[in-house]
Q: 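Starting off with a structure, shown below.
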Amino acid sequence: MSTAMNFSTKSFKPRAPDKGSFPLDHFGECKAFMEKFMKCLNENNFDNSLCRQQSKEYLECRMEHQLMTKEPLEKLGFKDLMDPPSNPTENNTKS
Amino acid sequence: LLSAFIYFNCTGNLFLSGLHRTICRRPQTLLQGRAPLRLQFRSKKSRVRLEEEERKTRNRTVLTYIAAAGVGMIGLSYAAVPLYRLYCQATGLGGTAVAGHDSSVVEHMSPVKERVLKVTFNADTHASIQWNFRPQQSEIYVVPGETALAFYKAKNPTDKPIIGISTYNVVPFEAGQYFNKIQCFCFEEQRLNPHEEVDMPVFFFIDPEFDSDPRMARVNTITLSYTFFEAKEGQRLPLPGYSYQPQ
């Protein structure tokens, strides 16, 4: 615990999460997506960038089952994984 | 002539004046030719008065300086409070959070692909809580500016429901200010029914400014550590950020 109140010691100040707390998935409704995500991580040597599609699907599952407030996925940083709208110039090279 | 004058002064029946003291105390230096300034004054009375006035003005000047210093010190101690806060924010000393990050930054940030960071996960429980709490992955490689998902797993092996509440810690401490959690399971009571096992996700990202901070140039591993405590019924913990109190 970082309880040191000395002048020059660095201490950690925890911050509340931006969107609050995830409600617990008591019924395991999104467990399948979680398994897929974990499998992807295991295969790709725990590289998050390669498994973003699975994490997006997990969050979408959560939103569907009322385990997370619905939000447009761009706000969650998945802008690069969204299907581009009709104009083809929208293809950002971010993933 | 000078030595005669000095001899006359020191042995004569004179009341102690500054001149007298100066001359008789240091006859040696005088004889060598260094005459004190006060030899210029003619009569003893005006000399004395002048010296007293000089002393008075000197005293007053010194007193003014001392009073000014005192007032200055008091003012400085009042000004130190906001100044110190500014200094801490500028240098990040004491782990002060960098002045607010906007949640809309998530939308517009772009990942810094060149900087790969390893985030390791740690799970702890307080001695009195009987949950089995562990991370589902020991580490994950992320880049700043990219949102990431990680899972913990908690199981209640007992026969009664247990309510837990958690807090987290990030080391190194200075990296903690760049570690932003979008959503997690901390600071709120989480209830686990008997023999229930749940997955607890943490959705976070590391601020892209992490890459441009010179203090973070050597940081390649960040450790996220969660600790679960047992929550008593009806206890509401203050959410950090509004009133940070050392525990």
Side-chain angles (χ1 to χ4, degrees), chain A residues 1-28 30-31 33-35 37-38 41-42 44-52 54-59 62 67-69 71-80 92-95, chain B residues 92-97 103-104 106-107 109-111 113 116 119 136-143 145-151 167-174 176-177 180-188 190-193 196 198-205 239-242 244 246-247:
Chain A
M1 275 294 170
S2 46
T3 52
M5 294 298 278
N6 314 336
F7 169 64
S8 60
T9 53
K10 300 152 198 155
S11 65
F12 175 71
K13 295 201 162 52
R15 283 200 312 257
D18 289 343
K19 303 211 188 318
S21 177
F22 274 127
L24 284 188
D25 184 7
H26 288 278
F27 303 110
C30 294
K31 201 172 169 86
F33 291 94
M34 188 215 76
E35 300 281 346
F37 177 70
M38 294 309 298
L41 275 189
N42 277 315
N44 290 312
N45 203 20
F46 297 106
D47 192 347
N48 175 61
S49 325
L50 303 169
C51 295
R52 303 198 62 229
Q54 282 81 356
S55 60
K56 173 166 154 284
E57 283 168 9
Y58 178 79
L59 293 176
R62 274 220 160 215
L67 293 170
M68 186 171 164
T69 46
E71 259 192 79
L73 286 168
E74 290 89 10
K75 287 232 170 76
L76 299 173
F78 288 112
K79 189 155 59 157
D80 48 326
N92 306 347
T93 54
K94 282 211 204 108
S95 62
Chain B
L93 209 59
T96 319
S103 38
S104 69
V106 184
E107 227 177 320
M109 67 184 181
S110 56
K113 292 269 175 203
V116 179
V119 180
Q136 293 200 29
Q137 66 285 304
S138 55
E139 67 213 10
I140 193 171
Y141 293 92
V142 296
V143 294
E146 200 171 61
T147 51
L149 189 61
F151 285 95
T167 182
Y168 75 103
N169 197 0
V170 177
V171 280
F173 292 141
E174 305 95 328
Q177 66 192 28
N180 305 311
K181 296 191 307 338
I182 299 176
Q183 205 162 0
C184 71
F185 50 89
C186 39
F187 308 119
E188 272 189 27
Q190 311 286 356
R191 185 195 164 95
L192 272 189
N193 293 319
E196 187 178 3
V198 285
D199 307 309
M200 295 169 148
V202 182
F203 194 45
F204 65 93
F205 69 96
L239 214 55
Y242 296 120
Y244 175 65
Q247 299 176 28

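Proteins come first, then strands; the chains are lettered A, B, ... in the order of their sequence lines, and each starts at number 1. Here the structure is a predicted model, which is why all the values come from computation and not from measurement.
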Q: Would a 4.5 Å heavy-atom cut-off, applied to side chains only, mark A:Arg62 and B:Pro201 as touching?
A: yes
Q: Can you sort out the partners of B:Glu139 under salt bridge (Lys or Arg N to Asp or Glu O under 4.0 Å), two or more places apart, ordered by chain and number?
A: B:Lys118
Q: Between A:Ser21 and B:Gln190, is any pair of side-chain heavy atoms under 4.5 Å apart?
A: yes
Q: Who are the side-chain contact (heavy atoms from CB on, under 4.5 Å) partners of A:Glu35, not counting sequence neighbours?
A: A:Lys31
Q: Give, as side chain, backbone, both or neither, the part of A:Phe27 having an atom under 4.5 angstrom from any heavy atom of chain B.
A: neither
Q: Which answer fits B:Phe151, side chain, backbone, both or neither, if we ask what part of it has an atom under 4.5 Å from a heavy atom of chain A?
A: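 It is the side chain, since no backbone atom gets that close.
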Q: Under 4.5 Å from any heavy atom of chain B, what part of A:Leu50 do you find: side chain, backbone, both or neither?
A: neither
Q: Can you find a heavy atom in the side chain of A:Met34 that is under 4.5 Å from one in the side chain of A:Gln54?
A: no
Q: Where does B:Phe203 contact chain A at under 4.5 Å (heavy atoms): side chain, backbone, both or neither?
A: both
Q: Tell me, with the steps shown, if A:Phe37 and A:Cys51 meet side-chain contact (heavy atoms from CB on, under 4.5 Å).
A: CA-CA 7 Å; A:Phe37 177 70; A:Cys51 295; 3.9 Å; yes
Q: In terms of heavy-atom proximity below 4.5 Å to chain A, should B:Glu196 be classed as side chain, backbone, both, or neither?
A: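 The side chain, not the backbone.
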Q: Flag the one option from A:Asp47, A:Leu24, A:Leu59, A:Asn45 with the top tally of heavy-atom pairs under 4.5 Å to chain B.
A: A:Leu24
Q: Considering only heavy atoms and a distance below 4.5 Å, find which of B:Val142, B:Val170, B:Val116 pairs most often with chain A.
A: B:Val170
